Amino acid sequence: MDDPQQLQEAGLGEIAAATSPDALEVVRIKYLGRQGLVTGLMRGLGALAPEQRRDAGARFNALKDTISDAIEARAVELNRAALSNRLAAERADATLPAMPAAQGRIHPISQTIDEIIAIFGEMGFVVAEGPHIEDDFYNFTALNIPPEHPARQEHDTFYLPERADGSRLVLRTHTSPVQVRTMLKQQPPIRIIVPGRTFRADHDATHSPMFHQVEGLVIDRTTHMGHLKGCLIEFCRAFFDVDDLPVRFRPSYFPFTEPSAEVDIGCSRAGGELKIGAGEGWLEILGSGMVHPQVLRNCGIDPDEYQGFAFGMGIERVAMLKYGIPDLRTMYDSDLRWLRHYGFLPLDVPSMVRGAL
Ligand code: DAH
């Protein structure tokens, strides 16, 4: 095929017939490649007589340009077609109904912890945490509960196996050990709350072997019982959202506080229905007291210089009271119907938290 005219027609025909970039590349190599037909023609120029050579050279060059322009144009066409095919294939169908968004629920325990943090956060408390597996010292001894102290029996403690030195770690029976950990590493003023898991070998409608508490601790030079009362009255009224909620401080005993007081809130049980607010009844909701001087000393704080108050509260208990949950054990059943009923949508955060978002 030495005739440039014929070659041009054949080439243009093959270019038009190429339906993919790969097929087009095959055609390009066939005509313009190093062993290609047009390249072959050009190589033959040397053998021609000089007067023929100029004329033929011009024609071959024109042929080469025509073929390569046609290949370029076809490549653009093929790419455009490939793109519109892809666009058509990948087009999202805007008429399809949206997938229903699965809406989870916040567990009442998490919700209650968030609410408690929000209320104490407003009063300037910060959150502190500690380990679930505790040393006897932090869980008991430093809190003025030495070995053989009767309070140890009340805690139904889970002990870990004995270690080589005869000591045993425990699953913390309350969040109070975090008081000790905080005082040992931080100088007053201290103002912390400690939400967290706690463990006791106990199981019935109002007790679970794993449960949650929130501990509070305030230490400063002039902190006194009036601060304890004001802070806890304020908390109870904010948490139960009852402005004139009656709050009563009843003398009690804890080894780590002196004096100690249990805190009750007013309620009525008229018609068998429990209602929180003014009424003839009282409900105990937390323990509190002025931190015992011996506890301060155990934690390297001079009780002649500093004093403070502490409190501890069961989170399940206040959640059950606030949200009318009758049986504590259902909290851990992971029953979806229960969670949909008692759980919270993510937006149900207390207004104080929402305001900060
Ligand atoms: N740790 C106590 C318990 O688990 C609760 C408690 C009572 C904590 C009084 C305190 C407190 O900090 O002052 O029963």
Side-chain angles (χ1 to χ4, degrees), residues 116 120 125 127-132 134-146 149-158 170-184 188 190-202 206-220 223-233 235-236 247-265 283-296 298-299 301 303 306-318 328:
I116 294 172
F120 284 109
F125 284 71
V127 171
E129 287 181 308
H132 296 159
E134 264 299 5
D135 210 288
D136 183 279
F137 172 77
Y138 297 103
N139 197 81
F140 293 121
T141 308
L143 289 163
N144 206 26
I145 316 176
H149 191 288
R152 290 205 177 202
Q153 265 69 63
E154 283 160 35
H155 278 223
D156 301 310
T157 312
F158 285 113
V170 300
L171 292 185
R172 68 179 181 190
T173 57
H174 49 180
T175 40
S176 307
V178 185
Q179 284 190 22
V180 179
R181 290 182 174 275
T182 305
M183 287 190 274
L184 281 172
I190 292 171
R191 201 177 291 181
I192 54 160
I193 48 162
V194 185
R197 280 189 187 169
T198 46
F199 308 85
R200 290 186 199 183
D202 208 352
T206 51
H207 296 90
S208 144
M210 186 283 298
F211 59 108
H212 298 76
Q213 287 189 338
V214 60
E215 185 82 12
L217 176 71
V218 174
I219 308 281
D220 209 339
T223 308
H224 55 69
M225 189 99 186
H227 296 126
L228 177 158
K229 292 182 73 177
C231 171
L232 294 178
I233 291 172
F235 165 75
C236 292
V247 180
R248 171 173 90 170
F249 292 79
R250 187 166 33 80
S252 184
Y253 170 78
F254 299 105
F256 32 87
T257 46
E258 182 58 36
S260 305
E262 260 158 319
V263 179
D264 300 338
I265 55 171
L283 272 172
E284 176 198 321
I285 64 156
L286 57 92
S288 68
M290 298 306 293
V291 179
H292 196 294
Q294 188 56 45
V295 173
L296 294 175
N298 293 343
C299 299
I301 292 179
Y306 291 104
Q307 52 184 7
F309 66 87
F311 53 90
M313 176 167 52
I315 292 176
E316 280 80 352
R317 179 167 170 75
V318 293
L328 176 120

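Remember, predicted model here, so these are calculated numbers, not experimental data. In each ligand, atom 1 is the first atom listed, and ligand 1 is the first ligand listed. Values reported hereafter were calculated over all heavy atoms of this structure, with side chains retained and with hydrogens, waters and symmetry mates removed.
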Could you tell me whether Glu284 atom CD has more than 12 heavy atoms of other residues or ligands within 6.0 Å of it?
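Correct, the count exceeds 12.
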
For Arg248, does the CZ atom sit with more than 12 other heavy atoms under 6.0 Å from it, leaving out its own atoms?
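Counting other residues, nucleotides and ligands, CZ of Arg248 exceeds 12 neighbours.
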
Nearest non-hydrogen atom to atom 13 (O) of ligand 1 belongs to which of Ser260, Ala261, Ala310?
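The residue whose heavy atom sits nearest atom 13 (O) of ligand 1 is Ala310.
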
As a check for students: among Tyr253, Phe254, Phe211, identify the option with a heavy atom nearest to atom 7 (C) of ligand 1.
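The option holding the nearest heavy atom is Phe254.
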
Return the orientation label for the His174 and Phe256 ring planes: parallel under 30°, perpendicular over 60°, tilted otherwise.
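Ring orientation, 0 to 90° scale: perpendicular.
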
Residue-level breakdown please: for [X] versus ligand 1, do any non-hydrogen atoms fall below 4.0 Å on the side chain, on the backbone, on both, or on neither?
X      : value
Ser176 : side chain
Met290 : neither
Phe309 : neither

Does NZ or CZ of Arg200 come closer than 6.0 Å to the centre of the six-membered ring of Phe211, within 45° of the ring's axis?
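Judged by the rule, Arg200 and Phe211 form no cation-pi pair.
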
What residue and heavy atom of the protein are closest to [atom], and at what distance?
atom                    : value
atom 14 (O) of ligand 1 : Arg200 NH2, 3.7 Å
atom 2 (C) of ligand 1  : Phe256 CZ, 3.8 Å
atom 5 (C) of ligand 1  : Gly312 CA, 3.9 Å

So, regarding [X] and ligand 1 (criterion: nitrogen or oxygen to nitrogen or oxygen, under 3.5 Å), is there a contact or not?
X      : result
Gln213 : yes
Glu215 : yes
Gly216 : no
Gln179 : yes

Any side-chain heavy-atom pair of Pro255 and Leu143 under 4.5 Å:
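Answer no - side chains too far apart.
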
Walk me through it: do Asp136 and Thr141 pass the test side-chain hydrogen bond (donor to acceptor under 3.5 Å, both in side chains)?
CA-CA 7 Å; Asp136 183 279; Thr141 308; 3.0 Å; yes

Just one of Ile265, Val318, Asp264, Val263 clears the side chain to side chain contact (heavy atoms under 4.5 Å, CB included) bar with Leu286, so which one?
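Of all the options given, the one that passes is Val263.
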
What atoms in ligand 1 come closer than 4.0 Å to a heavy atom of Gly289?
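The list of qualifying atoms is 13 (O).
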
Which of the atoms in ligand 1, numbered in the order shown and given with their element, are less than 4.0 Å from a heavy-atom of Thr257?
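The atoms of ligand 1 under 4.0 Å from a heavy atom of Thr257 are 13 (O).
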
Keeping Glu316 on the side-chain end and His212 on the backbone end, is there a donor-acceptor pair under 3.5 Å?
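Side chain of Glu316 to backbone of His212: a pair is present.
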
Measuring centre to centre across the rings, with the benzene-like ring taken for any Trp, is His132 within less than 6.0 Å of Phe199?
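Here the rings of Phe199 and His132 have centres that are less than 6.0 Å from each other.
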
